[in-house]
2 protein chains.
Amino acid sequence: MTEPSTLQDRLIAQFDAMPPQMQIAAKHLIDHPQDVALMSMRDLARRAGVSPATMTRLAQFLGASGYEDLRHEQAETIRRGEGFAARALATPHSAPEALVQQVLEELARHVATLTQPETLASIAAAARALSKARRIFVLGARSCHAIAWHFHYVMSLLGERTRHLDGPGGTGPDALMRAQPGDMLLAISVSPYAAAGLELAAHARTQGLGVVAITDSAVAPLAGLADHLLVCPTASPGFFHSLTPAMALSEALCALLAESDRAGALAGLERSDAQLRALGTYATAIPRRPG
Amino acid sequence: MTEPSTLQDRLIAQFDAMPPQMQIAAKHLIDHPQDVALMSMRDLARRAGVSPATMTRLAQFLGASGYEDLRHEQAETIRRGEGFAARALATPHSAPEALVQQVLEELARHVATLTQPETLASIAAAARALSKARRIFVLGARSCHAIAWHFHYVMSLLGERTRHLDGPGGTGPDALMRAQPGDMLLAISVSPYAAAGLELAAHARTQGLGVVAITDSAVAPLAGLADHLLVCPTASPGFFHSLTPAMALSEALCALLAESDRAGALAGLERSDAQLRALGTYATAIPRRPG
DNA sequence: AGTAATATGAAACAAGTGTTGCTTCGCGTG
DNA sequence: CACGCGAAGCAACACTTGTTTCATATTACT
């Protein structure tokens, strides 16, 4: 009688009873259910980092006679449009749900806005400039700290080129003392514009650093002293300014920088990975759920 | 300049130039475009009442190298949710611009994904739980630090309810010592899952705290011990996992929490604002460009 | 510590995949 | 009436598919 359950539900329900490799496979199916019907089992297994045999075993573990059973089931699900397309149904939401929907829809729209051709060109140009820099100093005060830190963190996995102008005791800006010609500054600043960040950016500018600015207006304080200006929308139906589009910009920059030196990025990542694994930083196995 | 039109459009456009059998095949593809990706070509040919060879010829007639080209194209279309496609405005990009566009489009799509009704309900439920908490501890290790910090920062403008489990000298987790029943934990964790964060979350759980988790899979390590689970996609065409959707989730939560106590939020904001202005934290005028 | 039980990947398997070359068919033209 | 020519099916092709088998690790339990 309990048969209307979806593939994902069954995978989740039985997840804890699976052997490790099968859990890896199951996790992949849960996270990419569409791919069950859209690609071959062997390809899927390769992406999941699992032997093809494991996929067959997983299918049989779920009670199916084989993997093709799963495929047919998922194909039927997709045909019914339950894949993703359940949009724009009349939405008899509660008040809070309506608000979340508004917020998220606006964020999605804002991020989509960034794909305008001129914006793309600005991003590409900024990335090109940053990729040539000897060092990249990263600056983001107050709310923009999140973006600055994230950019620095990601880049630090690739190598040693970024310096984050922040730190305990207010000693963050000190790193600028070692700035040299050929270095660049990535500064993030949205309204209300933190004075400290602006002063530091202006100072860096006087030292001859090139400036890439992520900010919320073409006439924001940072705009005047930026060599490359990336404007991101921050409006939101909610209480606060949004930093999601700024985060998207930052991630786009990271993607470009990694791509511009693919080999170097890979090498750096591998070195990071080796150390992090050696230190047991990451959980390796998918742990059982506590009973 | 590649393929400004969808498969169906191209089929219709060239329909009249096709030989009879090929038209039968084409009609079937036009009427059941999904099946191109969801079943084998031979099956499809059988249903259309056409020889398999005709299908191959049809594909090549359209300029594709073979039928599998069509299959991949359709699979991609289905993956994107098919229904509404802001696709393929002629984009004669340079390579880097094409990559940025892909990245940003995928991010926008992911954020849009979060507006599914079930997701909205989860977010609303999580926010409700958090709004009732006496205190909210915020936890995000490594890459997730950006999200955790941002949530804490925004909430700290409203009042004193959040504690960020991080800090210099590794003393971050200490704040948990003062946790009491009725407190909650907001934990953020995406793959690769940082072990430290997971342990801390598990520990908080044993102390009786309710847990809201933002993570990237229904079977992520955090999922098992979460009372409220918010799943955000992290895939990206670029090198790295994306945190933009997680940021969007966090901002949605903030918006709801502020809204749930509008008066309190306003009062808190005013107090923050007063102090920050008194200290000259924010730049008031737009400075002229130096020199 | 030793043994039974289980989990796993490599390789072998038959069945099915999309493609291609060849043949046949139908039909209009010289 | 040959003739040529495109269309369509058949059958063999090389390849990939999902599955199974089996030997080897790995794990769990006295």
Side-chain angles (χ1 to χ4, degrees), chain A residues 7 10-11 14-29 32-76 78 283-291, chain B residues 7 10-11 14-29 32-76 78 219:
Chain A
L7 171 63
R10 276 179 293 155
L11 284 168
Q14 306 223 39
F15 190 82
D16 296 318
M18 298 175 187
Q21 287 295 312
M22 195 182 285
Q23 286 191 339
I24 297 176
K27 181 172 192 301
H28 233 80
L29 296 206
H32 311 284
Q34 314 229 57
D35 287 354
V36 174
L38 293 179
M39 55 176 24
S40 81
M41 186 208 73
R42 284 176 120 108
D43 283 350
L44 197 59
R46 201 169 307 123
R47 290 207 190 191
V50 152
S51 142
T54 304
M55 284 293 178
T56 295
R57 292 183 183 121
L58 171 58
Q60 293 167 345
F61 184 88
L62 291 179
S65 84
Y67 183 88
E68 307 230 41
D69 276 24
L70 301 193
R71 176 195 296 284
H72 280 101
E73 185 182 326
Q74 273 309 99
E76 207 45 50
I78 290 178
T284 48
I286 299 176
R288 306 286 161 136
R289 293 198 235 182
Chain B
L7 170 64
R10 278 179 293 155
L11 283 169
Q14 307 221 41
F15 191 83
D16 296 325
M18 298 176 187
Q21 287 294 312
M22 195 181 286
Q23 285 191 343
I24 297 177
K27 179 171 194 317
H28 225 80
L29 295 206
H32 312 283
Q34 313 230 62
D35 288 354
V36 174
L38 293 180
M39 53 173 42
S40 82
M41 187 206 73
R42 285 176 118 108
D43 284 350
L44 195 60
R46 201 169 307 123
R47 290 208 190 191
V50 153
S51 142
T54 303
M55 284 293 177
T56 295
R57 291 180 183 126
L58 171 57
Q60 292 168 345
F61 185 86
L62 291 179
S65 85
Y67 183 86
E68 307 230 42
D69 275 24
L70 301 193
R71 178 198 296 287
H72 278 103
E73 186 182 323
Q74 274 308 100
E76 204 48 46
I78 290 178
V219 291

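Numbered from 1 within each chain, the chains take letters A, B, ... in sequence-line order. FYI, side chains are in, hydrogens and waters are out, and symmetry mates aren't considered; it's all heavy atoms of this structure. Bear in mind the structure is a predicted one, so any value in this text is a computation, not a measurement.
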Rounding to an integer number of Å, can you tell me how far [X] [atom1] sits from [N] [atom2]?
X	N	atom1	atom2	value
B:Leu44	C:dG18	CG	P	9 Å
A:Met41	D:dT17	CE	P	9 Å
A:Ile24	C:dA7	CD1	P	14 Å
A:His72	D:dG18	NE2	C1'	13 Å
A:Arg46	D:dT17	CZ	C1'	11 Å
A:Asp43	D:dT16	CG	C1'	10 Å

Could you tell me whether the side chain of [Y] reaches within less than 4.5 Å of the side chain of [X], counting heavy atoms only?
X	Y	answer
B:Pro33	B:Gln74	yes
A:Gln21	A:Arg57	no
B:Leu29	B:Asp35	no
B:Val36	B:Tyr67	yes

### Query
So which of residues 61-68 of chain B are in contact with DNA chain C, with a heavy-atom cut-off of under 4.0 Å?
B:Gly66, B:Tyr67, B:Glu68
### Task
Report yes if a side-chain nitrogen or oxygen of A:Ser40 is closer than 4.0 Å to either non-bridging phosphate oxygen (OP1 or OP2) of D:dT17; otherwise report no.
yes
#### Entry: Under-4.0 Å side-chain N/O to phosphate OP1/OP2 contact, B:Gln60 with C:dT20
yes
### Query
Among all residues two or more places apart in sequence or in another chain, which pass the side-chain hydrogen bond (donor to acceptor under 3.5 Å, both in side chains) test with B:Asp43?
B:Arg46
### Message
Nearest to the side chain of B:Thr56, heavy atoms from C-beta on, is which of D:dT20, D:dT19, C:dT19?
### Response
C:dT19
Below 3.5 Å is the cut-off: list the nitrogen or oxygen pairs between protein and nucleotides 25-30 of chain D, distance only.
none

Are any protein N/O atoms closer than 3.5 Å to N/O atoms in nucleotides 6-15 of chain D? If there are, list each pair with its distance.
from  : atom 1 : to      : atom 2 : distance (Å)
D:dA8 : OP1    : B:Gln21 : N      : 2.6
D:dG9 : O6     : B:Arg57 : NH2    : 2.6

#### Entry: Closest approach of A:Phe61 to A:Gln14 (non-hydrogen atoms, all atoms of both residues)
CE2-OE1, 3.7 Å
### Query
What do you reckon, is NE2 of A:His32 surrounded by more than 12 foreign heavy atoms closer than 6.0 Å?
yes
### Query
Under the criterion side chain to side chain contact (heavy atoms under 4.5 Å, CB included), which of A:Met18, A:His28, A:Gln23 is the partner of A:Leu11?
A:Met18
### Message
Could you work out, with side chain to side chain contact (heavy atoms under 4.5 Å, CB included) as the rule, every residue matching A:Ala75, not counting sequence neighbours?
### Response
A:Ala37, A:Arg79, B:Leu38
#### Entry: Ionic contact status for A:Glu73 with A:Arg10, cut-off 4.0 Å
yes
Considering only distance and modelled atom types, tabulate donor-acceptor pairs under 3.5 Å from the side chains of residues 48-56 of chain B, sequence neighbours left out.
from    : atom 1 : to      : atom 2 : distance (Å)
B:Ser51 : OG     : B:Ala53 : N      : 3.1
B:Thr54 : OG1    : B:Ser51 : O      : 3.4

